[in-house]
Amino acid sequence: MRGWTLQRTTDARAPAPGLATRINGAMRRVPVWTVYVLGALPALWLFAQAATNTLGIDPVREIEHRLGELGLQFIVGGLAITPLRRIVGVNLLRFRRAIGLIAFFYVLAHLAAWLVLDMGLLWRQVAADIWKRPYITMGMAGFLMLLPLALTSNNWSIRKLGGLRWRWLHKLAYPAALAGAVHYLWLVKAWPVEPFLYLGVIVALLLVRAWFAGGGMSRG
Amino acid sequence: RLSYTPSAYSTDEAPNTFEEISGYNNFYEFGTAKEDPRNNSRAFKPDPWAVQIDGLVERPGSYDLADILGGVALEERIYRLRCVEAWSMVVPWIGFQLSALLDRVGVQPGAKYVAFETVTRPEEMPGQRRAILDWPYREGLRIDEAMHPLTILATGLYGEALPNQNGAPIRLVVPWKYGFKSIKSIVRISLTEGEPPATWKQMQGSEYGFYANVNPEVDHPRWSQASERRVGAGLFAGRVPTQMFNGYADEVAGLYAGMDLAKDY
């Protein structure tokens, strides 16, 4: 990654450097905890709706699907940070850990909703489903890939692992994102639009990354 | 309000509410989300309505719905409904046995299957504006399944005419099969010699068979059919075991004697 974390955003190729610089200036004053607060709002909203029984006719499915979709949305958000910085020059790197951790917590909550509300803790069926159902296998694989990332999303782990190894480990975010999108696509009947959108956006973000990593845009 | 008599074929399980039954539907003609059929079916006009009955019948023709209903006595049939997606409900249908209609039009001896078709009206059914399925929706039954007393054509729900989103004005209900067999808003019934096309089978034959009998031992390739979630049971209700033939084994198991239900799924 050529030590890009140390570079100033003004060095990045930015079609509108003026605006990007102003956004970066403003974002520098935003404390990271606001991201955690904003990230928790959809969960609080969902909880309030569940408590007041306003989640529609099948609240179990609604809770499960919304948590999964929120997980995917924050994963997309996390994956968008580097391309955003490289292409537009907006630097949100400070918020990436928070976004990643929020994504993980939504995926964890999605998994818990499946286990408790949907499967009713029928462990034998749960085990059989994880083993035999490709879309569930894929979802579990995605979760297991996110787990070490969440556990090492702290400064102590970065020091302990060393920057290079830590960054290598955190490339697991890419296959995890793909697993999440395929998991969604694999469970639907027929071919509705949304799962394709998630998969398409994730693949596009990964391609942008691969293009930069391959030196697709030479830097001055 | 419809007038009808109760039926010995009804389950004594508590039915789902009208709101649940009419607000949570798979009817892709109106969209793929469960709420789409209720939200997108207001412009649908189930009146006037006629059903084309043709193929191997003695008296083919276009039968007006009023004409069809003039010849039958309506019953309330409270049936379990098991969706292939592993959720279920209990529904108080109002309808009459399909066999009554087939007897009236006269089934020719060579007829072995009954084919059904849903109406095609993309102007009233926004889901049909996309080729998400191969419209019109088609389904079929073997003749003995069609003549079985549990098999009904429903025209009502909770004592009222069928809501648009539930397949107004007339739909099939085959309670021992997955819900997708129970085709909605029927405009054509054909008696045939060969097995008729079925939309989901044509789309994904490895997942959706012609028989589609509810069977906890034969899984959908992508998910288990061993248990189901009863819609409306509450957040922490968990799952209930799925019953063979959706609990109608005593009545219908004989239809499939000698068949390998893992092969003819």
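Computed over heavy atoms, backbone and side chain alike; hydrogens, waters and symmetry mates excluded.
Between A:F196 and A:W191, the distance separating the two ring centers is shorter than 6.0 angstrom.
For a residue to count as touching a neighbouring chain, one of its non-hydrogen atoms must lie under 4.5 Å from one of that chain's; by this rule A:L117 touches chain B with backbone and side chain alike. Using a 4.5 Å cut-off between heavy atoms, A:L187 touches chain B through its backbone atoms (N, CA, C, O) alone. Only the side chain of B:E35 comes within less than 4.5 Å of a heavy atom of chain A; its backbone N, CA, C and O stay farther away. Using a 4.5 Å cut-off between heavy atoms, A:N53 does not touch chain B at all. For B:W87, no part lies near chain A; criterion is any non-hydrogen pair under 4.5 Å. For B:R38, the part lying under 4.5 angstrom from a heavy atom of chain A is the side chain only. No part of B:N16 comes within reach of chain A, as not one of its non-hydrogen atoms sits under 4.5 angstrom from that chain.
With chain B as partner, the option from A:I136, A:L122, A:D58 having the largest number of non-hydrogen pairs under 4.5 angstrom is A:D58. Most heavy-atom pairs under 4.5 Å with chain B: of the set A:L121, A:V116, A:V188, this distinction falls to A:V188. With respect to chain A, the highest number of heavy-atom pairs below 4.5 Å among B:R222, B:E85, B:E20 belongs to B:R222. Most heavy-atom pairs under 4.5 Å with chain A, from the set B:T32, B:V231, B:I132, B:L235: that is B:L235.
One N or O on the side chain of B:Y79 and one on the backbone of B:L150 form a donor-acceptor pair closer than 3.5 Å. For B:Q128 (side chain) and B:R121 (main-chain N/O), a donor-acceptor pair under 3.5 Å exists by modelled atom type. Formation of a donor-acceptor pair under 3.5 Å by the B:Y137 side chain with backbone atoms of B:Y28 is not found in this model.
Electrostatic pairing of B:R239 and B:E228 does not count as a salt bridge here, judged by no charged N lying under 4.0 Å from a carboxylate O. One finds a salt bridge joining B:K177 and B:E145 here, because a Lys/Arg side-chain nitrogen approaches an Asp/Glu carboxylate oxygen to under 4.0 Å. Using a 4.0 Å cut-off between charged nitrogen and carboxylate oxygen, B:K201 and B:E195 count as a salt-bridge pair.
A cation-pi arrangement, defined by a distance under 6.0 Å to the six-membered ring centre and an angle within 45 degrees of its axis, is present between B:R80 and B:Y248.
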